[in-house]
Amino acid sequence: MHQQGYLAPLFTPKSIAVIGATDKTGKPGNTVLSNLINYGYQGKIFPVNSAIDSDGGTILGLPAFRNLEDIAKSGQTPDLAILAVPAEQTPSVLKSLARIKGKAAIIVSSGFKETGAEGSALENELIEICHESGISLLGPNCLGFINTYARINTTFACGDTTKGSVGFFSQSGALASSFIEWAQSEQIGISSFVSLGNKAVIDESDMLIHFGQDPNTKVIAGYLESVEHGNRFMKQAQLTTRRKPVILLRAGSTAAGSRAASAHTGAPGGLDMAYEAAFKQTGVIRVHNTEELFNLAQGFAKQPLPQGPGLAILTNSGGPGIIAADACEKSGLNLSSLSSQTITTLKEVLPSYATFFNPVDVMSDADADRLAAGCDTVLKDPNVHSLLTLITPPPFGSLECMVEKLVKVYRNYPDKTIFCCLMGGANLAQTEQTLLAAGYPCYRFPEPAVHAIAAMYRYRLWQKTSLPVEVGYRRDLNKAQKIILQAKNEGLLELTESKAQELFQAYEMPMLKTKLARTSDEAAQIAKQFGQPVALKIASPQIPHRTDVNGVALNLEGQAAVRTAFNDITARARRLRPDAYITGCTVQTMAPQNAHEIVVGFKRDQRFGAMIFFGYGGIHLEVFKDLSCRIAPLSLEDVSGMIHEIRAFPVLTGLRGHKSINFLALEDVLLIMSQMAQDFPEIQEASCNPVLVSDKGAVVADMRILLGKA
């Protein structure tokens, strides 16, 4: 289906047929046709309506046809067909398009999988037709698209838009319309806008391909409720984000939002942690609200990326400067240390009561010349990579005059990242437009401006990273396959502890010595073999959390102590859980002294596959949810990022006399889990809890493997 050039007939068609075209105003077919004509499309347009007389007729002044076959009989085949007809008619029209060798279609109608089972069956029929014929389908239940450079407007809701560098795609047509109106108000031009709708065929991965290859698109922005093919999306995002920034708002991250998203486009969203991980691994810039999406799009579209982390703040009011400084530290940027030469010059151009260190305060009585001189001095400093100018309405002089002089100064520094913040009300609108028209992002408050600059700098760092190198681990794959196959043949949903240990041994996972004892005498004998002290843990497939029955005894020395502990643990488990089958107790060597408890595992996500998770164990995980995640397969960079990301990371490096853990050993555990997740799609969940990590190494003390369908 996805072959080279498959998107060209859709987004740059030489001819377009509008099915359901009509002279009646207020109908989608009339609006689509009118927008095509009025927007200036230069290709051939074929209005199609079954009510047209057999002798011919016109719609909006264009020769009309009864059906697609009549167009073909005239010796012409449209590249693109826009279907503005009831949902139940779309399969027959799409089949007609396939018969005349049409290559692309847009279905603006609703009434498909977003409505339930019947609509879903209808949409599946469309997908089957497209896959058999090679038709690139946008929608259904979509708004269409606009290409400002090719002068194509296939939508039934959007008017004129300005040419520019932002490519925008959205699952929500209404949000797309809002984005276009906002872009117009902020003087941000758009290269193309695409409404995806239900994404039956064309999805967000295709958008990354389309906008990634589009020479007119500098910034890619989008609104998503779900990702259709996680692995394909991640591979394409890895490539696209190294050339162009991709800014995505993913809605449906909460339970309520996920339900609403499913009702909107009919697609379940999946685990939000999986989306967070996928975006981190592929350099996608995730935003969490529409304001943030718009703010970042404005910054990336209008200004060059920062050359470094140094931010200078210049203001005519101390308070906003302090607010911006706080935001700077929180965002990961640095307040630039101004050079001695810069400070000397500032003392020459500013009054003695001004503040000459970053943030620079030119004071509230500053006129346009003083403000411009201060900015010019600061921008000359090589330590300054970005400048944020904060202006409150001056008590004297003209704000418009101030801004005009600032713009003249800014233009002398095209390689510096320059943002403005005009703090005030609606009376600043005209002045804002002056800055926006000159290409300088303008915000009403300092924090969003600083956040946008920080996002641009992080993206610059991402561009410098190399593509990740996947790590393959040595394992006895034949032995592992036999274990999984036997469990599947027996209909097991969970591996027994002994079989889980065998599976981990096949992957050379470091583990504490562990053996099942069915009697107290057997437990004492195993403890003698292992050397003491040892731990005893209740063994029962019905008791996954041993602490629920106080089913663990630690630091047991001597055979008598082991026997007593065995009898106590099993008796207590039988009393508290009479429904559970008690196998006995596992005997295990004790963990190294001063070892940290770590949790490592994976869980399958319906969109992205195996999601590897890592966290500090015990209360950190249960109460504080101190967890990091990535999507398999993991690279060395992924593993390092996961470990550094948790809040408890400083504890692992060694505090108050404790030694740093063996990080390489911990990385090995994560990479082995990643390898296992790739090898066996049948494993739905796996966990090592705890992994005991010290300066000597890492060993798994307990593990659990849950099976399901591949």
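Numbers for residues simply follow the sequence, beginning at 1.
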*Asks:* Please walk me through it: do D702 and N689 pass side chain to side chain donor-acceptor pair (under 3.5 Å)?
*Replies:* CA-CA 5 Å; D702 205 353; N689 184 13; over 6 Å; no
*Asks:* Rounded to the nearest 0.5 Å, how far apart are CG of L293 and OG of S178?
*Replies:*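 Between L293 CG and S178 OG, I get 11.5 Å after rounding to 0.5 Å.
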*Asks:* Is the cationic atom of R286 (NZ for Lys, CZ for Arg) positioned less than 6.0 Å from the six-membered ring centroid of F279 and within 45 degrees of its normal?
*Replies:* no
*Asks:* Does Y616 reach the side chain of L652, with side-chain heavy atoms less than 4.5 Å apart?
*Replies:*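 Y616 vs L652: side chains touch.
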*Asks:* Counting only N and O atoms by type, is there a donor-acceptor contact under 3.5 Å from the side chain of Q171 to the main-chain atoms of S226?
*Replies:* yes
*Asks:* Would you mind reporting whether I643 and F649 have side-chain heavy atoms less than 4.5 Å apart?
*Replies:* yes
*Asks:* Mind telling me whether F193 and F168 have parallel, tilted or perpendicular rings, with 30° and 60° as the class edges?
*Replies:*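 Aromatic pair F168/F193 classed parallel.
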*Asks:* Counting C-beta onward and ignoring hydrogens, is there a side-chain heavy-atom pair between L634 and V471 closer than 4.5 Å?
*Replies:*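 No, their side chains stay 4.5 Å or more apart.
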*Asks:* Any non-hydrogen side-chain atom of K103 less than 4.5 Å from a side-chain atom of I135?
*Replies:*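 With C-beta onward as the side chain, the pair stays apart.
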*Asks:* Please round to the nearest 0.5 Å and tell me the distance separating atom OG of S205 and atom NE2 of H229.
*Replies:* 7.5 Å
*Asks:* Does the side chain of R232 come under 3.5 Å of the side chain of Q236 through a donor N or O and an acceptor N or O?
*Replies:*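 No.
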*Asks:* Using a cut-off of 6.0 Å, state whether more than 12 heavy atoms not belonging to K603 lie near its atom NZ.
*Replies:* no
*Asks:* Do the side chain of S165 and the main chain of K218 share a donor and acceptor less than 3.5 angstrom apart?
*Replies:* no
*Asks:* Evaluate L138 against K199 for side chain to side chain contact (heavy atoms under 4.5 Å, CB included), listing each step before the verdict.
*Replies:* CA-CA 7 Å; L138 183 62; K199 303 188 295 185; over 6 Å; no
*Asks:* E667 and L664: side chain to side chain contact (heavy atoms under 4.5 Å, CB included), yes or no, with the steps?
*Replies:* CA-CA 5 Å; E667 289 177 0; L664 289 178; 3.7 Å; yes
*Asks:* Verify, without hydrogens or angle tests, whether E114 (side chain) and S120 (backbone) share a donor-acceptor contact under 3.5 angstrom.
*Replies:* no
*Asks:* Below 30° counts as parallel, above 60° as perpendicular, anything between as tilted: where do the rings of F179 and W182 land?
*Replies:*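 Tilted: the ring planes of F179 and W182 meet at 30° to 60°.
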*Asks:* Can you label the angle between the H644 ring and the F663 ring as parallel, tilted or perpendicular, going by 30° and 60°?
*Replies:* parallel
*Asks:* Within a strict 4.5 Å, meaning less than it, do heavy atoms of the L137 and I127 side chains meet?
*Replies:*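 Result no, sub-4.5 Å side-chain heavy-atom pair not found.
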*Asks:* What are the two closest non-hydrogen atoms of A648 and D626, and how far apart are they?
*Replies:*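 In terms of heavy atoms, the two residues are closest at N-OD2, 3.0 Å.
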*Asks:* Shortest non-hydrogen contact from R604 to A610?
*Replies:*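 That closest heavy-atom pairing would be NH1-CB, 3.6 Å.
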*Asks:* Any sub-3.5 Å donor-acceptor pair from Q684's side-chain atoms to L707's backbone N or O?
*Replies:*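 Not a single qualifying donor-acceptor pair exists.
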*Asks:* Please check: side-chain N/O of T217 versus main-chain N/O of V219, any donor-acceptor pairing under 3.5 Å?
*Replies:* no
*Asks:* Before you tell me yes or no, could you show the steps for D679 and Q481 under side chain to side chain contact (heavy atoms under 4.5 Å, CB included), namely the whole-Å CA-CA distance, both residues' side-chain angles and the distance that decides it to 0.1 Å?
*Replies:* CA-CA 9 Å; D679 289 342; Q481 287 171 337; over 6 Å; no
*Asks:* Is atom CD of E508 surrounded by more than 12 heavy atoms (other residues, nucleotides or ligands) closer than 6.0 Å?
*Replies:* yes
*Asks:* Is the shortest side-chain N to carboxylate O distance from K280 to E645 below 4.0 Å?
*Replies:*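 Between E645 and K280 there is a salt bridge, with a charged N closer than 4.0 Å to a carboxylate O.
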*Asks:* Just so I know, are the side chains of I612 and L670 near enough to count as touching, which here means a heavy-atom distance under 4.5 Å?
*Replies:* yes
*Asks:* Can you classify the ring geometry of Y459 versus F300 as parallel (below 30°), tilted (30 to 60°) or perpendicular (above 60°)?
*Replies:* perpendicular
*Asks:* Looking at S172 and L175, would you say the former's side chain and the latter's main chain have a donor-acceptor pair under 3.5 Å?
*Replies:*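 The answer is yes, because a donor-acceptor pair under 3.5 Å joins these two groups.
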*Asks:* So E128 and N124, side chain to side chain donor-acceptor pair (under 3.5 Å) or not? Walk me through it.
*Replies:* CA-CA 6 Å; E128 187 176 342; N124 287 336; over 6 Å; no
*Asks:* Counting C-beta onward and ignoring hydrogens, is there a side-chain heavy-atom pair between Q303 and Q298 closer than 4.5 Å?
*Replies:*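 Side chain of Q303 against side chain of Q298, heavy atoms only: no contact under 4.5 Å found.
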*Asks:* Indicate yes or no for a side-chain donor-acceptor contact from R458 to the backbone of I453 under 3.5 Å, with no hydrogens or angles considered.
*Replies:*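 No, the answer is negative, given that no donor and acceptor are paired below the 3.5 Å cut-off.
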*Asks:* Search all heavy atoms of V669 against all heavy atoms of A698 and return the closest pair with its distance.
*Replies:* CG2-CB, 4.2 Å
*Asks:* For F608 and F233: C-alpha separation, side-chain torsions, deciding distance, then whether side chain to side chain contact (heavy atoms under 4.5 Å, CB included) applies.
*Replies:* CA-CA 9 Å; F608 293 98; F233 172 83; 4.3 Å; yes
*Asks:* Any donor and acceptor pair, going by atom type alone, linking the side chain of R474 with main-chain N or O of Y507 inside 3.5 Å?
*Replies:*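 Judged by distance alone, no pair lies under 3.5 Å.
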*Asks:* For a quick test of reading the model, state the closest non-hydrogen atom pair linking V166 to A301 and the distance between them.
*Replies:*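 V166 and A301 have their closest heavy atoms at CG2-CB, 3.6 Å.
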*Asks:* Can you list the steps and then say if E490 with Q486 is a side chain to side chain donor-acceptor pair (under 3.5 Å)?
*Replies:* CA-CA 6 Å; E490 293 174 1; Q486 181 183 354; 3.1 Å; yes
*Asks:* Where the side chain of T282 meets the backbone of M234, is there a donor-acceptor pair that is under 3.5 Å apart?
*Replies:* no
*Asks:* If we only count heavy atoms from C-beta on, is the F614 to L666 side-chain gap below 4.5 Å?
*Replies:* yes
*Asks:* Side chains of Y6 and D206 only: does a donor on one sit below 3.5 Å from an acceptor on the other?
*Replies:*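 The criterion, which ignores hydrogens and geometry beyond distance, is satisfied for D206 and Y6.
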*Asks:* Report the distance from atom CG of L249 to atom CZ of F294, rounding to the nearest 0.5 Å.
*Replies:*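 Those atoms lie 9.0 Å apart.
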*Asks:* Closer than 3.5 angstrom, by distance alone: can the side chain of R242 be matched with the main-chain N or O of Q238 as a donor-acceptor pair?
*Replies:*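 Yes, because the side chain of R242 sits within donor-acceptor range (under 3.5 Å) of the backbone of Q238.
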*Asks:* Can you measure from CE (M676) to CG (L503) and round to the nearest 0.5 angstrom?
*Replies:* 4.5 Å
*Asks:* Are E228 and R607 within salt-bridge range, i.e. N to O under 4.0 Å?
*Replies:*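 Salt bridge between E228 and R607, a charged N being under 4.0 Å from a carboxylate O: yes.
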*Asks:* From L692 CG over to L512 CG, what is the distance, rounded to the nearest 0.5 angstrom?
*Replies:* 5.5 Å
*Asks:* Would the number of heavy atoms belonging to other residues, nucleotides or ligands and lying under 6.0 Å from NZ of K479 be above 12?
*Replies:* yes
*Asks:* Quick check: closest heavy atoms across L271 and D605, and the distance to 0.1 Å?
*Replies:*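 For L271 versus D605, the nearest heavy atoms are N-OD1, 2.9 Å.
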*Asks:* Heavy atoms only: give me the nearest N216-S191 pair and the separation to one decimal.
*Replies:* O-CB, 3.5 Å
*Asks:* What is the distance from atom CG of L122 to atom OG1 of T115, rounded to the nearest 0.5 Å?
*Replies:* 8.5 Å
